[in-house]
Amino acid sequence: MTDDIRTKKLINAPEDIIPEAIEGMLLAHPHMLKVEGATGRAIVARDGPRDGKVGIVIGGGSGHEPAFAGYVGRGLADAAAVGNVFASPSPEHIMDAARAVDGGAGVMFLYGNYTGDVMNFDMAAEECEAMGVPAHSFAVTDDVASAPNGREGERRGIAGDFFVFKIAGAAAEQGRDLAGVVSAATKANENCRSMGVALSACSLPQTGKPNFELGHDEMEIGMGIHGEPGMRRGKLETADEVAEELMEAILADMGLGHGDEVAVLVNGLGATGPLELYLLHRRAAKILDAHGIHIHFAWVGEYCTSLEMAGASITLLKLDDDLKALLDTPCRTPALTVAGDLAPAGSLTRRDHASAGTGATVDHDTLAKDGPITPARFRTMMLAMGAAIHDNRDWLSELDGVIGDGDHGVTMDIGWSAVRKALAEERRETVTEISERMAKAFLDAVGASSGPLYASAFRKAGAMVSDRLNLDAAATVAWIEGICTGIQSRGGAQVGDKTMIDAWVPAVAKAKEALHAGGDVIACLEAASAGARNGRDYTAEIESRRGRSAKLGARSLGHMDPGAASAHVMLVAMTDAARD
């Protein structure tokens, strides 16, 4: 990453960009949109949700405007859950949206197929089901560049979200039940293909630096909408040549034939204007015509962006009579209007969405008190971990910019800042209770994959030491093992996948070795830190097999995983604080 390159943005404080943008959007569209829920991250259609209708909730990270909140309105999405920049909304953000649109017919969640979105929306769907609200979690998988034919379920969701969201929203608007809406969305997703090209990098508001490097005369074919590298990098080509390469890949994957009918989306990624987009559409339309494929309707413009990235994508949706009718169903949102008469708006009965009762009170007198790590000391160690993440935020984001989307340090800092705020007040509580409080704070603040992974980690770690007030060496090792187990149970990663697990697993193994050799708390923590460092360094030697960097293959070699790096940072800070 080039240190001396800084980007310009019209923002105020980076940490305020999302709430201020939401406020601005509501002020621009007060007749269409409102916010509901305690998180302030659920943007709801004023005339969309109603009794007897399936509630449509879409969402994802910010930075893709007008996706996702721009598609909230009558006839399309009933609500959008808004995440931080390039980070999934948290389950609580999503649940605020779900509660606001529950009309008694179930709720459908739709989002792009990214690890963080899948985990967070799946957790929200689980919570809905626990409350008696039928829910379905649906990931869009339209990007042909991110996985080969036959492995469509691994593909990213990019601009194809536009079509799948529209189809699902129209099916719900027509009064189809949850199974019917899922069926329509599934058919749209199976018949939707996209591919993009990037001409320049974008930059996160928090870093002000390009999140990857691309030469002035280079382009990246197959680039993801978070800056994930694509299929190949090469010299900049003409508009016709780019359109031909994108269309060739899309058509080869779809199997379209003479007489078929499609909808077309030529989408700008943020810094490519209509003049250039119309050139791409011109060539794409001629290619389709040469194949005898009819365009039912075309959209050209910015519909799913990547901050200020220069580039574009092309999306085709193969139509049948039902998909065509759903595509033509009227809707009215800030970013998309399909003309036609909308039925009179119905009313929504507010339902009781009470969650399960509170946990049992802990009797501190029954807990083991041997061991040097008191709850107060443990709290200090956790605060030190958060401070260390803050100090290393930019470095971690730079690591992520090479093989991911450049936000890992930012996202971890947001989560740990929430933890530090939650732990600012010292209370009379156990390590388990502190861990639970950390889990809730982290998950409420962070979507992305880090939110559910570390929330699950903190909860499992706390459960591992629920019989203790103070931690001895064995309990400290058990807490670290709980972190690792919690992450694996939620995310499924294994050693060798090039993830944070490659640091946590050897950390646990080395800590156990030190414990079995008679080591005290400090010896076990030092061993864990050394194991995490070895695992972190090992990730530079292997190809990525999970997450956004899994699409890189050999291009991920030589670069350490940022999640493994942050694990090492945390364990070092925990060890140093335990010594003081």
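Positions are given from 1 along the sequence.
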F138 and Y111: CA distance, side-chain angles, deciding distance, ring pair (Phe, Tyr, Trp, His ring centres under 6.0 Å) verdict: CA-CA 7 Å; F138 189 96; Y111 49 89; 8.0 Å; no

Test log, rule side-chain contact (heavy atoms from CB on, under 4.5 Å), inputs V266 and T315: CA-CA 6 Å; V266 178; T315 302; over 6 Å; no

Check against side-chain contact (heavy atoms from CB on, under 4.5 Å), R536 and D561: CA-CA 7 Å; R536 177 202 69 183; D561 178 71; over 6 Å; no

Verdict with reasoning, L423 to M438, per side-chain contact (heavy atoms from CB on, under 4.5 Å): CA-CA 8 Å; L423 299 185; M438 291 168 58; 4.0 Å; yes

Worked verdict on T115 versus S449 for side chain to side chain donor-acceptor pair (under 3.5 Å): CA-CA 6 Å; T115 303; S449 56; over 6 Å; no

Salt bridge (charged side-chain N to carboxylate O under 4.0 Å, His left out) assessment of E92 paired with R99: CA-CA 10 Å; E92 193 55 33; R99 287 185 282 263; 2.6 Å; yes

Full working for salt bridge (charged side-chain N to carboxylate O under 4.0 Å, His left out) between D444 and R41: CA-CA 11 Å; D444 287 350; R41 294 297 189 90; over 6 Å; no

Test log, rule side-chain contact (heavy atoms from CB on, under 4.5 Å), inputs F86 and Y114: CA-CA 10 Å; F86 288 1; Y114 300 92; over 6 Å; no

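Residues D96 and T39 have side chains that bring a donor and an acceptor to within less than 3.5 angstrom of each other. At a cut-off of 3.5 Å, with distance as the only test, a side-chain donor of S566 or H408 sits close to an acceptor on the other residue. Side chains of D142 and S194: a donor-acceptor N/O pair is present below 3.5 angstrom, by distance only. N12 and E20 form a side-chain donor-acceptor contact under 3.5 Å, judged by distance and modelled atom types alone. For the 3.5 Å distance criterion, the side chains of T329 and E173 fail to qualify, holding no donor opposite an acceptor. Checking N189 against T141 by side-chain atom types alone, a donor-acceptor pair falls below 3.5 Å. A side-chain N or O of S137 and one of D122 form a donor-acceptor pair less than 3.5 Å apart. A side-chain donor from one of W479 and S435 sits under 3.5 Å from a side-chain acceptor of the other. A donor-acceptor contact closer than 3.5 angstrom links the side chains of S203 and E308.
Q206 places no side-chain N or O within 3.5 Å of a backbone atom of E15 that could act as its donor or acceptor partner. The closest donor-acceptor contact from the side chain of T272 to the backbone of G268 lies at 3.5 Å or more, if one exists at all. Within the 3.5 Å criterion, the main-chain N or O of G196 finds no donor-acceptor partner in the side chain of S313. In this structure, the side chain of S489 engages the main chain of G486 through a donor-acceptor pair within 3.5 Å. Put simply, the side chain of T333 gets close to the backbone of G70: a donor and an acceptor are under 3.5 Å apart. Side-chain atoms of D102 come within 3.5 Å of backbone N or O of G104 as a donor-acceptor pair. No side-chain donor-acceptor contact under 3.5 Å links R74 to the backbone of L342. The main-chain N or O of A13 is never found under 3.5 Å from a side-chain atom of D16 such that the two would form a donor-acceptor pair. Distance alone, capped at 3.5 Å, places no donor-acceptor pair between the S306 side chain and the M309 backbone. Distance alone, capped at 3.5 Å, is enough to place a donor-acceptor pair between the T432 side chain and the G462 backbone.
Within the 4.5 Å cutoff, no side-chain heavy atoms of F109 are placed close to those of H136. In this structure, the side chains of E436 and E429 stay at 4.5 Å or more apart for every pair of heavy atoms. Side-chain atoms of V107 and V57, non-hydrogen and from C-beta on, do get closer than 4.5 Å to each other. I487 is listed as a side-chain neighbour of I501, based on a closest heavy-atom distance under 4.5 Å. Side chains of V35 and V44 form no contact here, defined as non-hydrogen atoms less than 4.5 Å apart. When side chains are defined from C-beta on, L399 counts as touching W395, because their heavy atoms get closer than 4.5 Å. Proximity of P89 to D117: side-chain heavy atoms (C-beta onward) are separated by under 4.5 Å at one or more points. The shortest side-chain heavy-atom distance between V140 and N113 does not fall under the 4.5 Å cut-off.
The existence of a salt bridge linking K53 and D78 is confirmed by a sub-4.0 Å separation between a basic side-chain nitrogen and an acidic carboxylate oxygen. Salt bridge absent: K187 and E190 never bring a charged side-chain N and a carboxylate O closer than 4.0 Å. For R332 and D47, the salt-bridge test passes: some basic side-chain N is under 4.0 Å from an acidic carboxylate O. Comment: R427 does not engage E433 in a salt bridge, judged by the lack of any side-chain N to carboxylate O separation of less than 4.0 angstrom. Taking a cutoff of 4.0 Å between a charged side-chain nitrogen and a carboxylate oxygen, E36 and R46 do not qualify as a salt bridge. Taking 4.0 Å as the cut-off between side-chain N and carboxylate O, K498 and D502 do not count as a salt-bridged pair. Using a cut-off of 4.0 Å between Lys/Arg side-chain N and Asp/Glu carboxylate O, K209 and E398 are scored as salt-bridged.
Between F442 and W416, the two ring planes are perpendicular [angle over 60°; tilted spans 30° to 60°]. Taking the six-membered ring where the residue is Trp, H29 and H31 present tilted rings, their angle falling between 30° and 60°.
Atom NZ of K166 sits about 11.0 Å away from atom CG of L323, to the nearest 0.5 Å. Remark: M119 CE to S90 OG distance equals 13.0 Å, nearest 0.5 Å.
Smallest separation of non-hydrogen atoms from P334 and V72: CD-O, 3.2 Å. Taking all atoms of both residues into account, the shortest heavy-atom contact from V82 to S62 is CG1-OG, 3.3 Å. Closest non-hydrogen pair, G415 versus A445, comes out as CA-CB, 4.5 Å. Residue P66 comes nearest to C304 through the heavy atom pair CD-N, 4.5 Å, listed as atom of the first residue, atom of the second, then distance. Taking both residues in full, the closest heavy atoms of I483 and A457 are given as O-CB, 3.4 Å, listed atom of the first, atom of the second, then distance. Nearest heavy atoms, A145 versus G222: CB-CA, 3.6 Å.
Annotation for K9: atom NZ counts as buried by contact number, over 12 foreign heavy atoms lying within 6.0 Å. Applying the 6.0 Å contact sphere to CD of E23 captures no more than 12 heavy atoms from other residues, nucleotides or ligands.
Of the options T411, I414, V410, a side-chain contact (heavy atoms from CB on, under 4.5 Å) to N84 is made by I414 and by none of the others.
Between F162 and Y303, the distance from one ring center to the other falls under 6.0 angstrom.
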